[in-house]
Amino acid sequence: LVSSTGLGAAVLVRALWPDSAYAWFLGVSLFGALFVWLMIFVTHLAFRRHHDASPDRPIPRRVPFARAASAIGALAILTVLLSTWWVPDLRITLVAGVPWLALLAAGYAYSRRARASHPPLEEN
């Protein structure tokens, strides 16, 4: 169902904007790749903070400057992502990616709310 929806959206984009459809798809995929790497760095920072705060579960091996490297990496990816706005051929990255991310976030919020209002049945 998801693949069919994506295929339908691709056909619709190609029909409505035949000259820029490729740029739209490239922009969404570039946004996705950059966003995933940004989240990897942010998650690593949160992981380190969480484990440093719990003395009963220390990290077995410490890598020097791991936190600084993740922070620098996150800032670099965020800079690249935001800089696409000023490159005319890459502006589509934010124009297509931010609404897509908003749609995914709304779907996640909806499914989380629906799951909270309908807890799973208990097994006997």
Side-chain angles (χ1 to χ4, degrees):
L1 183 60
V2 173
S3 295
S4 297
T5 303
L7 183 59
V11 169
L12 183 65
V13 168
R14 174 72 171 105
L16 294 175
W17 302 285
D19 296 334
S20 62
Y22 179 76
W24 277 87
F25 292 125
L26 180 67
V28 169
S29 64
L30 179 61
F31 181 85
L34 291 172
F35 186 75
V36 164
W37 273 104
L38 178 64
M39 289 298 103
I40 288 170
F41 286 125
V42 169
T43 301
H44 180 248
L45 289 169
F47 167 81
R48 296 295 296 236
R49 188 176 337 110
H50 174 74
H51 277 279
D52 287 348
S54 56
D56 57 327
R57 294 187 314 189
I59 297 173
R61 290 198 177 116
R62 294 223 174 254
V63 177
F65 308 111
R67 214 178 261 172
S70 287
I72 291 168
L75 287 173
I77 293 293
L78 187 61
T79 300
V80 169
L81 188 59
L82 293 175
S83 71
T84 61
W85 181 259
W86 289 278
V87 179
D89 290 340
L90 293 178
R91 182 174 291 165
I92 200 71
T93 300
L94 293 176
V95 171
V98 171
W100 177 246
L101 183 62
L103 181 67
L104 291 177
Y108 174 75
Y110 174 77
S111 68
R112 190 172 168 113
R113 218 172 333 164
R115 198 173 330 131
S117 66
H118 301 339
L121 299 174
E122 292 183 23
E123 293 184 23
N124 292 332

Report task. Treat each ILVMFWY residue as a node, draw an edge where side-chain heavy atoms are under 4.5 Å apart, and state whether V28 and M39 are in one component. Result -> no
Query raised in the report: Are Y108 and L104 connected in a single hydrophobic cluster, I mean Ile/Leu/Val/Met/Phe/Trp/Tyr linked by side-chain heavy atoms less than 4.5 Å apart?
Result: no
Query raised in the report: With distance as the sole test, does S29 use its side chain to make a donor-acceptor pair with the main-chain N or O of L26 at under 3.5 Å?
Result: yes
Query raised in the report: Do S117 and R113 touch side chain to side chain, with heavy atoms closer than 4.5 Å?
Result: no
Report task. With rounding to the nearest 0.5 Å, note down the distance linking CG in L101 to CG in L94. Result -> 11.0 Å
Query - Backbone of R67 reached by a side-chain donor or acceptor of R48 within 3.5 Å - result: no
**Report entry** Reported CG-to-CD1 distance for the pair L34 and I77, which is rounded to 0.5 angstrom
**Finding:** 5.5 Å
**Report entry** Distance, nearest 0.5 Å, that separates OG of S70 from CZ of F47
**Finding:** 11.0 Å
Requested in this report: Please lay out, stage by stage, how W85 and V95 fare under the test side-chain contact (heavy atoms from CB on, under 4.5 Å).
Outcome: CA-CA 8 Å; W85 181 259; V95 171; 3.8 Å; yes
Query - Shared hydrophobic cluster, V36 / V42 (ILVMFWY, side-chain heavy atoms < 4.5 Å) - result: yes
**Report entry** Other residues, nucleotides, ligands: >12 heavy atoms within 6.0 Å of R91 CZ
**Finding:** yes
Requested in this report: For the residue pair F31 and V98, establish whether any side-chain heavy-atom pair is separated by less than 4.5 Å.
Outcome: yes
**Report entry** Reported CD1-to-CZ distance for the pair I92 and F25, which is rounded to 0.5 angstrom
**Finding:** 11.0 Å
Query - Connected via hydrophobic side-chain network under 4.5 Å: W100 and L38 - result: no
Query raised in the report: If you measure from CZ on F41 to CG on L78, what distance do you get to the nearest 0.5 Å?
Result: 12.0 Å
Report summary line: dist I72:CD1 -> F65:CZ (nearest 0.5 Å) comes out at 10.0 Å
Query raised in the report: Given the rule that I, L, V, M, F, W and Y join up when any side-chain heavy atoms are under 4.5 Å apart, are W17 and V11 in one cluster?
Result: no
